[in-house]
Amino acid sequence: MTVSLIERFRRVLPVTESTPVVSLGEGSTPLLAAPRLADAGGIRELWLKWEASNPTGSYKDRGMTLAVSKAVEEGAEAVICASTGNTAASAAAYAARAGLPALVLTPQGAVAGAKLAQTRMLGATVLEVQGDFDSALSAAQELGGRGSHVLVNSLNPYRREGQKTAVLEIVEELGGPPDAFVLPYGGGGNTSAYSQALSELGLGTPIVSVEATNRRETLATAIRIGDPVHAEAVRASGARVVHADDDELVAAWLRLASEEGLFCEPSSAAGLAAVLRGDVEGDRLVVTITGHGLKDPATADRLAPAPVEVEPDADAIAAAAGR
Ligand code: AN7
């Protein structure tokens, strides 16, 4: 039987025997070698933590299983989040699983369509806020503070407790820490969670957090966050923050797909962009790939090589294919 994240890591999570486990089979994601990209980048060992294989297609599920389980334990009647899309889908899924209503605030016009469709399918009430992510998050925090809804953004400490398990899996699987962890930096919740995991393990492994050069306008809508709510925690963690611009993000994203067979969403390639630029030191690197490419098919459709039209004829097809 599938082991839930809470069961697997029970000993290091704030749960008791009486905590109800709300699970969709999250965590225990693949750690995949990336030999071609490693060669290209002159890195001895490059590992990709493929978080797209979580139940809703992103790493958010690691934190959401715990946040929703604790919300149920504490008698919550509803959950709320603001989201650029992935937290929304994850909150909707786990709330549905728990039989709780979910209220999701999205920045209008700035969420990939498939994420919205996923969230709506999962039964959440979706309100498109006439503003950016930061203003939606402020509103969600305020409403959460009134007690009617439990906030399940990463300001909720259970989200970070759950997300720290990615580091535990990686260290366990490699038989020790890598030389560095590299991951995208949007709001900074995941960086905080990784940092928490390392300090609990007594490890000083460097974290490199990669933000969009133009936070407010990047094509990577998942990390289009002007004012990261965990900025102070990220600073305090000692993580090194570097930038990647949209051209670098897109180049890394296309290469990950065509050279390693992994189709992620554009924001998820941020870590790889920094690595391929030679910006991360070490012989053995772990790059976290945070979300699935099918989350944002419109961007793929726009930027992937276009199909070529051809007659249903073998010679014409061979000619068009160049072989
Ligand atoms: C695929 O869903 O903020 O630095 O509201 O979806 O922990 O915020 C998503 C963020 C990276 C950034 N990769 O992580 C949301 C949201 C993907 C993401 C990030 C997000 P944090």
Side-chain angles (χ1 to χ4, degrees), residues 29 49-54 56-64 67 80-93 102 104-107 110-112 114-116 118-119 124 126 129 132-137 140-141 151-156 159-160 162-164 166-167 181-197 207-212 215 218-234 237 239 241 244 249 252-253 256 262-273 287-296 299:
T29 57
K49 184 63 167 165
W50 181 241
E51 292 288 85
S53 78
N54 276 296
T56 73
S58 85
Y59 74 96
K60 305 285 184 181
D61 297 339
R62 285 184 187 277
M64 205 58 75
I80 186 171
C81 67
S83 178
T84 58
N86 283 325
T87 296
S90 188
V104 167
L105 309 182
T106 60
V111 175
K115 296 177 187 175
L116 273 179
Q118 184 182 16
T119 304
V126 178
V129 174
D132 60 11
F133 169 78
D134 304 294
S135 59
L137 180 59
Q141 270 181 273
L151 185 73
V152 293
N153 279 100
S154 59
L155 290 161
N156 179 323
R159 280 278 313 279
R160 305 196 300 279
Q163 284 170 212
K164 78 184 182 188
V167 170
F181 291 94
V182 191
L183 73 170
Y185 174 19
N190 218 24
T191 299
S192 307
Y194 277 40
S195 158
Q196 184 180 335
I207 299 175
V208 180
S209 299
V210 188
E211 63 184 353
R215 277 184 161 271
T218 176
L219 95 170
T221 52
I223 55 171
R224 194 182 285 168
I225 294 172
D227 193 10
V229 69
H230 296 285
E232 193 41 53
V234 169
S237 77
V241 175
L249 283 184
W253 173 63
L256 182 59
L262 294 171
F263 175 35
C264 67
E265 59 175 292
S267 62
S268 298
L272 186 63
V287 178
T288 299
I289 310 297
T290 44
H292 205 287
L294 294 173
K295 291 277 196 171
D296 188 1
T299 303

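Whatever order the structure lists them in is the order used to number ligands and atoms, beginning at 1. As the structure is a computational prediction, the values presented were derived from the model and not from experiment.
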Identify, for [atom], the protein heavy atom at the shortest distance, and state residue, atom and that distance.
atom	value
atom 14 (O) of ligand 1	Y59 OH, 2.8 Å
atom 13 (N) of ligand 1	T290 OG1, 2.7 Å
atom 6 (O) of ligand 1	N86 ND2, 2.7 Å
atom 7 (O) of ligand 1	N190 N, 2.8 Å
atom 5 (O) of ligand 1	T84 N, 2.8 Å
atom 2 (O) of ligand 1	T87 N, 2.8 Å
atom 8 (O) of ligand 1	G187 N, 2.7 Å

TODO: List the atom of T290, the atom of S268, and the distance in Å for their closest heavy-atom pair.
DONE: OG1-OG, 2.8 Å
Task: Which atom of H230 lies closest to which atom of L155, heavy atoms considered - done: NE2-N, 4.0 Å
Relative to ligand 1, is [X] under 4.0 angstrom through side chain, backbone, both or neither, heavy atoms considered?
X	result
S268	side chain
E265	side chain
S267	side chain

With the threshold set at under 4.0 angstrom, would you say [X] reaches ligand 1 through any of its heavy atoms?
X	result
I225	yes
K60	yes
I223	yes

Considering distance alone, does some N or O of [X] sit under 3.5 Å from an N or O of ligand 1?
X	result
G188	yes
A88	no
G189	yes

Looking just at side-chain N and O atoms, do [X] and [Y] make a donor-acceptor pair shorter than 3.5 Å?
X	Y	answer
S209	T191	yes
T29	E51	yes
Y194	T288	yes
K295	S58	no
R224	S267	no

TODO: Indicate the ring-plane relationship of W253 and F263, choosing parallel, tilted or perpendicular according to the 30° and 60° boundaries.
DONE: tilted
TODO: Number the atoms of ligand 1 from 1 as they appear, then name those within less than 4.0 Å of a heavy atom of Y185, with their elements.
DONE: 4 (O)
TODO: May I ask you to say whether K115 pairs ionically with E265, meaning some side-chain N is under 4.0 Å from a carboxylate O?
DONE: yes
Open item on the list: With a 4.5 Å cut-off on side-chain heavy atoms, are E211 and I223 touching?
Closed with: no
